[in-house]
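Have a look at the structure below before the remarks.
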2 protein chains.
Amino acid sequence: MSRKSEDTRARILDVTLNLLESGAPERTRMSDIAKAAGLSRQAVYLHFPNRADLLIAATKRLDEKVDIDATLAESRAATTGAERLPAFIAAWGGHIPVIYPVGRALMAMMATDAEARAAWENRMAAVRHGCAAAVAALARDGDLRPGLTEERATDLLAGLLSVSLWEHLTQACGWSQEDYIDEILRLARTALTGPG
Amino acid sequence: MSRKSEDTRARILDVTLNLLESGAPERTRMSDIAKAAGLSRQAVYLHFPNRADLLIAATKRLDEKVDIDATLAESRAATTGAERLPAFIAAWGGHIPVIYPVGRALMAMMATDAEARAAWENRMAAVRHGCAAAVAALARDGDLRPGLTEERATDLLAGLLSVSLWEHLTQACGWSQEDYIDEILRLARTALTGPG
DNA sequence: CGTCAACTTGACATCGTGTCAAGAAATTGC
DNA sequence: GCAATTTCTTGACACGATGTCAAGTTGACG
């Protein structure tokens, strides 16, 4: 694993992310990626066994770049549920547009590729984990709406923070990111903590 | 257009719906459909120009079968917004599991096929129309939360009633249909009419 | 100089969609 | 009941994309 090989690998991933972000996600065939990286199509296969693995690696690279952990640390710092919920929603909600292009490509592969599906579900499980933590904080404070189990509340919050709903409101309906965050927060609050 | 041709066409559509509903939606290639209908693959192309058109026709056939219009008429009969909202949510929410198998196949095609995308968006526009009507009824009664425009409220309601959210809660999280309806109704009420 | 890793070139297999042409079988019209 | 027309079959083929294989080239480093 020489320096050069690592560089090429990184270049492939960067180029892939660029292609996905630059408007035409259907133009990210293996040959498009290779061309953009200044390589032959086969050279790409020397670094990634298949397209699914390449896309998954690209999401991981993106995570490193934007340091999602640091972003989420902020919400983990909040002690009370009432503070943690908006912090988490702002953090994840703000991260969705960043991962959306590559997430979209992965979601498109899910239909056919089991590996892509597993990778995406794995990422969503991580989000769910964050949801569960926020819900637990609410529960600890006794703020959870009566009759709502923590698990149910987590399901609900994860649903409200799904990429699909974000896509619907911001992409299809044209909401600003700010409006999206505000409305989802309001929704989550009333759904989880009940009226009042 | 003889009787026989119509019959064959209908048989193809029924068989397609059966395949989609019967667990293995990825096993609905043109050849699978043909085999299940007792036809050659090419015969299917004599009735439908391509897979997208076939799936779209299948959704239309499904609509006829379950008479979605009759179902929605019930919600249209409600006069006040407070009555109309739950009626509409129950009607559409109850319809989702019926159209889910074919909707899923169409959604999977959306990534590549522009025609499939247009067909699905067209259907979703119809749902949005129902959402708008329910929102309008609330607005007429003065029940809409202050600061929320009718359009925004419609966006929100359509998002809450999206197939994706239904899929997440009932398929991924295992909620019962009843729990789903209850929770979405509660969410919609608090989101649209505000606390109280 | 020789070796090894990275890369290229070009051919090929596979899968699913969609097309085409020639002919068989069934239905319909007269 | 026969002829015309429609429905369907058989079998071949093109295409686009993924992924594989084999042989050869280039360049760095000891």
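These numbers were taken from a predicted model, which means no experiment stands behind them. Letters go in sequence order (proteins before strands), and every chain restarts at 1. FYI, side chains are in, hydrogens and waters are out, and symmetry mates aren't considered; it's all heavy atoms of this structure.
For A:Asp141 (side chain) and A:Gly81 (main-chain N/O), a donor-acceptor pair under 3.5 Å exists by modelled atom type. For the pair B:Arg145 (side chain) and B:Ala191 (backbone), a donor-acceptor distance under 3.5 Å is present. The closest donor-acceptor contact from the side chain of B:Arg189 to the backbone of B:Ile184 lies at 3.5 Å or more, if one exists at all.
For the pair A:Asp7 CG and C:dA5 C1', the computed distance is 14 Å after rounding to whole Å. Rounded to whole Å, atom C1' of C:dT17 lies 13 Å from atom CG of B:Leu54. Between the CZ atom of B:Phe48 and the P atom of D:dT7 there is a distance of 13 Å, rounded to whole Å. Between the OH atom of A:Tyr45 and the P atom of D:dT20 there is a distance of 7 Å, given to the nearest Å. Atom-to-atom, CZ of B:Arg51 to C1' of C:dT17 comes out at 10 Å; the value is rounded to the nearest Å. To the nearest angstrom, C1' of C:dT17 lies 12 Å from CD1 of B:Ile33. Counting to the nearest Å, the P atom of C:dG18 and the CZ atom of B:Arg29 are 14 Å from each other. The CG atom of B:Asn50 sits 9 Å away from the C1' atom of C:dG18 (whole-angstrom rounding).
You'll find that the side chain of A:Leu46 is closest to C:dC7, out of D:dC8, C:dG16, C:dC7. The B:Gln42 side chain lies nearest to C:dT19 when the options are C:dG18, D:dG19, C:dT19. Relative to the side chain of B:Ala43, the nucleotides D:dC8, D:dT20, D:dG11 differ in distance, and D:dC8 lies closest.
In this model, the phosphate group of D:dC8 is approached by a side-chain N or O of B:Thr8 to a distance below 4.0 Å at OP1 or OP2. A sub-4.0 Å separation between OP1 or OP2 of C:dA6 and a side-chain N or O of A:His47 is absent.
Listed by residue number, A:Arg41 are the residues of residues 34-41 of chain A with a heavy-atom contact under 4.0 Å to DNA chain D.
Considering every non-hydrogen atom in both A:Ala52 and A:Glu115, the closest pair reads CB-OE1, 4.2 Å.
B:Leu185 is not listed as a side-chain neighbour of B:Tyr180, based on a closest heavy-atom distance of 4.5 Å or more.
Partners of B:Asp53 according to the side-chain hydrogen bond (donor to acceptor under 3.5 Å, both in side chains) rule, which considers only residues two or more places apart in sequence or in another chain, do not exist here.
Each of A:Leu157, A:Leu160, A:Thr154 was evaluated against A:Leu192; a single residue qualifies, A:Leu157, per the side-chain contact (heavy atoms from CB on, under 4.5 Å) test.
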